[in-house]
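Read the numbers this way: they start at 1 and go in the same order the structure lists the ligands and their atoms. The model shown is predicted, which means the values in this text are computed figures rather than measured ones.
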Amino acid sequence: MYFLILRCLIYLDTQIIYSLKISFLENKIELLESKIAEAKLGGGQARIDKEHKKGKLTARERIEILCDPGSFEEVGMLVQHRSNDFGMENQKFLGDGVVTGFGKIEGRAVCIFAQDFTVFGGSLSETQAEKICKIMDLAVKNGLPMIGLNDSGGARIQEGVKSLGGYADIFYRNTLASGVIPQLSVIMGPCAGGAVYSPALTDFIMMVEHSSYMFVTGPNVVKTVTNEEVSSEELGGAQAHAVKSGVTHLVAHNDLEALAKLRQLLSYMPQNWKEKTPDLPYTRDEEIRPKLNDIIPEYSSIPYDMKEVIVQIGDENSFFEIHEDYAPNIVVGFMRIAGKSIGVVANQPNYLAGVLDVNSSKKGARFVRFCDAFNIPLLVLVDVPGFLPGTDQEWNAIISNGAKLLYALSEATVPKITLITRKAYGGAYDVMNSKHIGADINYAWPSAEIAVMGAKGASEIIFKNEIKQSEKPEEMAKLKELEYADIFANPYKAAERGFIDEVILPELTRKKLIRAFDLLSGKEASLPKKKHGNIPL
Ligand code: HXC
């Protein structure tokens, strides 16, 4: 009997402990769940609704759409600011205005931060900066691309210098990570003051039209200092930076398009500087492209669209243009050739005859350096009449800026292939990935004209006296121009010297490039040992 009572007591005891344990755990879980729910609400439903009304998504919605479904893991959800000034101790929001973490895009891992405008306008506090730095460090240590979705009123005004220090911590990391991992910035709201310098230090910037702007000083300060009246949109909207300054590489019409474009952009690059971009499966298609035979016009003064050449050479729908509206006399972007990611740099005869000027040189150089840093082979398509003459260009330093493109292409050690479709004149011939500056394979179409300058200008100089003394100077000038063109306006003098490896039929271009890039996929090259070069910035 005694034994039975004891067993009952023990049983009751364990039941009580068990139920106490359950309710204890339940409370803990409830607490965690309520914290998660609170963090997910950011600055609250009213502020979220306000963002939606503006046509903007929230930070978390953006991340959900950007990443493969269910792949995002948040880091630092429960972080709070430590500020006690201006009543800030009573205004704390879990996460402190930024969502940070890691996820996957097309199955490849990435690190992400997304500023949450519903919390103090996404402004950067000391703790927000710490969260961003932590995720950047994780990206660098693990060799993963770093994506920043920027939407912020700038430095957290209530925190003063602590916020400025936080910015500098981020800038420092952006600089050290440059060339180690791809860094991509999307501007999806305000980005003003010194805050612009973090995106500016990254590899690519995309802006969302009408909801984003970037400037060092806003319209009010501009009015005070220069008496200029300008709206935020005019001063630093997406179009201003896409067309005029070139600060943004890409523009999207809305958040959804921006995130889709970002996924696509990422597919052309590797995870870090030690890796190559994964090839897409290539099912052999029609490699001979007769349409390429019909692109070059009968007269060399007539323009044509170099993008038609790019589209014919590349895999279907694979061309992804960068900086489309800035310096359109040069075209840069990514494409695929037989599944391989390739960076293409091409003169555009359709705009300013494809001349090299200050802006096109800077645009080309920056793109070449990205491709070289991340092992993306380069294809250079040449139809260039030379450098743009004039005081505007000289005084804006076409010498130093043109040298940037020359330097970038000379320094690049990735596989480099050139195709001269038509003009390759003067110094621009050298600059545009000539054999002399390290191109691996140089092709030319039969329509190529490789010479010191165009036949007209050249013949007017060297036959000046004969033309002047002629009874019919105009006829003589034309005759001499044709004579000069006959000798030099072709690819054969260059081919005789081996500066051109092969003169190819346009229709065979894709086939030749597939084989050439395949051959070069094992290329190994290095630069002389040094601390770093000194590109003419
Ligand atoms: C703290 C801020 C804030 C900031 C906005 N908020 N910016 N809180 N610090 N920098 C808060 C607002 O108080 C508001 O809080 C909420 O965010 C939304 O702001 P609104 O003004 O209602 O939104 P909107 O009308 O869309 O205007 C957005 C804005 C404007 C244009 C960004 O808020 C603004 O001008 N903010 C100040 C920008 C600024 O001067 N930043 C400092 C720049 S200097 P409630 O509670 O109402 O929701 C700088 C130096 C960096 O950044 C240097 C780095 C080296």
Option from Asp305, Asn329, Asp383 for which side-chain hydrogen bond (donor to acceptor under 3.5 Å, both in side chains) with Gln348 holds =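 When Asp305, Asn329, Asp383 are each tested with Gln348, the side-chain hydrogen bond (donor to acceptor under 3.5 Å, both in side chains) holds only for Asp305.
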Verify the neighbour count for atom NZ of Lys307: are there more than 12 heavy atoms of other residues, nucleotides or ligands below 6.0 Å?
->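 Above 12, so yes.
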Do Ser198 and Asn174 meet the criterion of a side-chain donor-acceptor pair at a distance under 3.5 Å?
->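 The criterion, which ignores hydrogens and geometry beyond distance, is satisfied for Asn174 and Ser198.
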Yes or no on salt bridge (charged side-chain N to carboxylate O under 4.0 Å, His left out) for Asp137 and Arg173, after CA distance, side-chain angles and deciding distance?
-> CA-CA 8 Å; Asp137 291 344; Arg173 280 168 175 77; 2.9 Å; yes
Between CG of Leu250 and CG of Asp325, what distance do you get to the nearest 0.5 Å?
->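 Going from the CG atom of Leu250 to the CG atom of Asp325 covers 10.0 Å.
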Check: every ligand 1 N/O to protein N/O pair under 3.5 Å:
unit_1   : atom_1 : unit_2 : atom_2 : d
ligand 1 : 9 (N)  : Ser123 : OG     : 3.4
ligand 1 : 9 (N)  : Ile157 : N      : 3.1
ligand 1 : 10 (N) : Gly153 : O      : 3.1
ligand 1 : 10 (N) : Ala155 : O      : 2.8
ligand 1 : 17 (O) : Gly121 : N      : 2.9
ligand 1 : 41 (N) : Gly153 : O      : 2.7
ligand 1 : 46 (O) : Arg47  : NH2    : 2.9
ligand 1 : 48 (O) : Arg47  : NE     : 2.7
ligand 1 : 48 (O) : Arg47  : NH2    : 3.4
ligand 1 : 52 (O) : Ala155 : N      : 2.8

On the ring face of Phe117, is Lys56 found with NZ or CZ under 6.0 Å from the centre and within 45° of the axis?
->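 Here Lys56 passes the 6.0 Å and 45° test against Phe117.
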